[in-house]
Amino acid sequence: MTNRGKENVFLVGLTVLHLIAVLFVLGRMPFIDFYHFQTHDAVAIGVWTAYAAALYIVMVIWEKGISISPKIVMKAIGLGIFMSLGKGCVGTIADRIGVLVTNEARYIVIESQIETLLFGFVLFGILHMKVLKKKLSFKFKPIKRPVLLILLVTFIYVLQVAGSLRVYAEALAQFSFTEVQIYRLDIYIASKILNYNTWSYAVLYVLFWKLWQNLTEE
């Protein structure tokens, strides 16, 4: 197996481990909120820092051929902390915007998914362009497949979310609910969307990685 192949295997493995951490440690809620900072947010910083740092180390080992050392580990942790704090800032802004959204399910889409996908796309871009010192290659053919797959996964995700929101709207239109019942229905739909968020971000991270691989060159 080539170094590129080994790197891809490690990427998928790390992303799966991160997915498991988000599911069972963070309760499917990967966001970091500094405005209402709690224990969950501190743990989330650790989870995201570990993920970014591990990716940094993998890339340095397999792409640059550099052996792991305390210096490399410190740089990896530094990048991880920087990216996690950045994610927290974006998440806090999303949280403040989400306050304006009365529907909890839509709020979950804004806060939990958009900023999580933005984090992954920016992280992989930094790893390829800043860490590996690669340059953008404006050729469509190498990126055609990952772009099409990203669009397909995004389309499936949007259909799932739209379907859940439609069920929510139809239920409110057909039946009379108390405020408590509306809130419970809202939370139930939001929980389903959290499931969609979790699987889709993990798949899209792998595709983002492949996109940046094909989008950059030495």
Side-chain angles (χ1 to χ4, degrees), residues 11 14-59 72-131 154 157-158 161 164-165 183-184 186-209 212:
L11 163 72
L14 289 172
T15 302
V16 170
L17 289 176
H18 186 266
L19 171 64
I20 293 172
V22 169
L23 283 172
F24 297 104
V25 178
L26 300 181
R28 298 175 298 166
M29 295 184 289
F31 49 82
I32 301 168
D33 184 4
F34 293 134
Y35 189 82
H36 300 292
F37 194 82
Q38 299 177 356
T39 302
H40 170 276
D41 301 293
V43 174
I45 289 175
V47 169
W48 285 103
T49 296
Y51 180 64
L55 289 177
Y56 179 98
I57 292 172
V58 165
M59 292 193 73
I72 294 297
V73 173
M74 292 302 296
K75 285 185 176 181
I77 294 174
L79 174 67
I81 292 174
F82 172 78
M83 291 299 301
S84 296
L85 294 179
K87 187 178 191 300
C89 291
V90 175
T92 302
I93 294 172
D95 176 73
R96 293 298 85 204
I97 295 174
V99 170
L100 303 175
V101 181
T102 56
N103 183 291
E104 183 71 20
R106 294 191 181 95
Y107 173 75
I108 287 296
V109 175
I110 292 174
E111 182 174 13
S112 178
Q113 189 69 344
I114 294 177
E115 56 99 0
T116 297
L117 294 179
L118 179 63
F119 172 90
F121 190 81
V122 173
L123 171 62
F124 298 148
I126 290 175
L127 288 172
H128 282 87
M129 297 188 67
K130 297 299 182 181
V131 176
T154 302
Y157 169 75
V158 170
V161 171
S164 295
L165 293 177
Y183 175 76
R184 289 177 177 173
D186 191 12
I187 294 298
Y188 170 74
I189 297 298
S191 178
K192 291 185 66 175
I193 292 176
L194 272 176
N195 291 332
Y196 304 149
N197 288 357
T198 305
W199 76 259
S200 63
Y201 100 77
V203 174
L204 286 171
Y205 271 22
V206 175
L207 295 175
F208 285 166
W209 180 278
W212 276 106

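- Note that CD1 of Ile57 is 12.5 Å distant from NZ of Lys75, once rounded to the nearest 0.5 Å.
- At distances below 3.5 Å, not a single donor-acceptor pair connects side-chain atoms of His40 with backbone N or O atoms of Gly27.
- Aromatic ring orientation, Phe124 versus Tyr51: perpendicular (interplanar angle above 60°, classes split at 30° and 60°).
- The two residues Gly120 and Phe208 have their closest heavy-atom pair at C-CD1, 4.4 Å.
- No side-chain heavy atom of Val22 sits less than 4.5 Å from a side-chain heavy atom of Thr116.
- Note on residues 120-129: no pairs pass side chain to side chain donor-acceptor pair (under 3.5 Å), not counting sequence neighbours.
- Closest non-hydrogen pair, Val43 versus Val25, comes out as CG1-CG1, 3.6 Å.
- Distance CD/Gln113 to CD1/Ile193: 10.0 Å, rounded to 0.5 Å.
- Rounding to the nearest 0.5 Å places CD1 of Ile189 at 15.0 Å from CZ of Arg184.
- Between Ile77 and Tyr56 there is no side-chain heavy-atom pair separated by less than 4.5 Å.
- A pairwise comparison of heavy atoms in Ala21 and Val47 identifies CB-CG1, 4.1 Å as the closest pair.
- Residues Ala202 and Thr15 approach most closely at O-CG2, 3.7 Å, considering heavy atoms.
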Stepwise, does the side-chain contact (heavy atoms from CB on, under 4.5 Å) test hold for Leu11 with Val58?
CA-CA 8 Å; Leu11 163 72; Val58 165; over 6 Å; no
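- Closest of all the heavy-atom pairs between Trp48 and Pro30 is NE1-O, 2.8 Å.
- Arg28 and Leu194 make their closest contact through O-CD2, 3.3 Å (heavy atoms, listed as atom of the first residue, atom of the second, distance).
- Environment of OH in Tyr35: sparse, with no more than 12 heavy atoms of neighbouring residues, nucleotides or ligands closer than 6.0 Å.
- Across Val122, Leu55, Leu127, a single residue satisfies side-chain contact (heavy atoms from CB on, under 4.5 Å) together with Met83, and that is Val122.
- If you take CZ on Phe31 and CG on Asp41, they are separated by 7.5 Å, rounding to the nearest 0.5 Å.
- With contacts defined as side-chain heavy-atom distances shorter than 4.5 Å, the pair Tyr205/Phe119 qualifies.
- Taking the six-membered ring for Trp and the full ring otherwise, the centers of Phe121 and Trp212 sit less than 6.0 Å from each other.
- Atom CE of Met29 is separated from atom CG of Leu23 by 12.0 Å, given to the nearest 0.5 angstrom.
- Note that CG of Leu79 and OG of Ser84 are 9.0 Å apart. Values are rounded to the nearest 0.5 Å.
- Within 6.0 Å of the CZ atom in Phe82, the count of heavy atoms belonging to other residues, nucleotides or ligands does not exceed 12.
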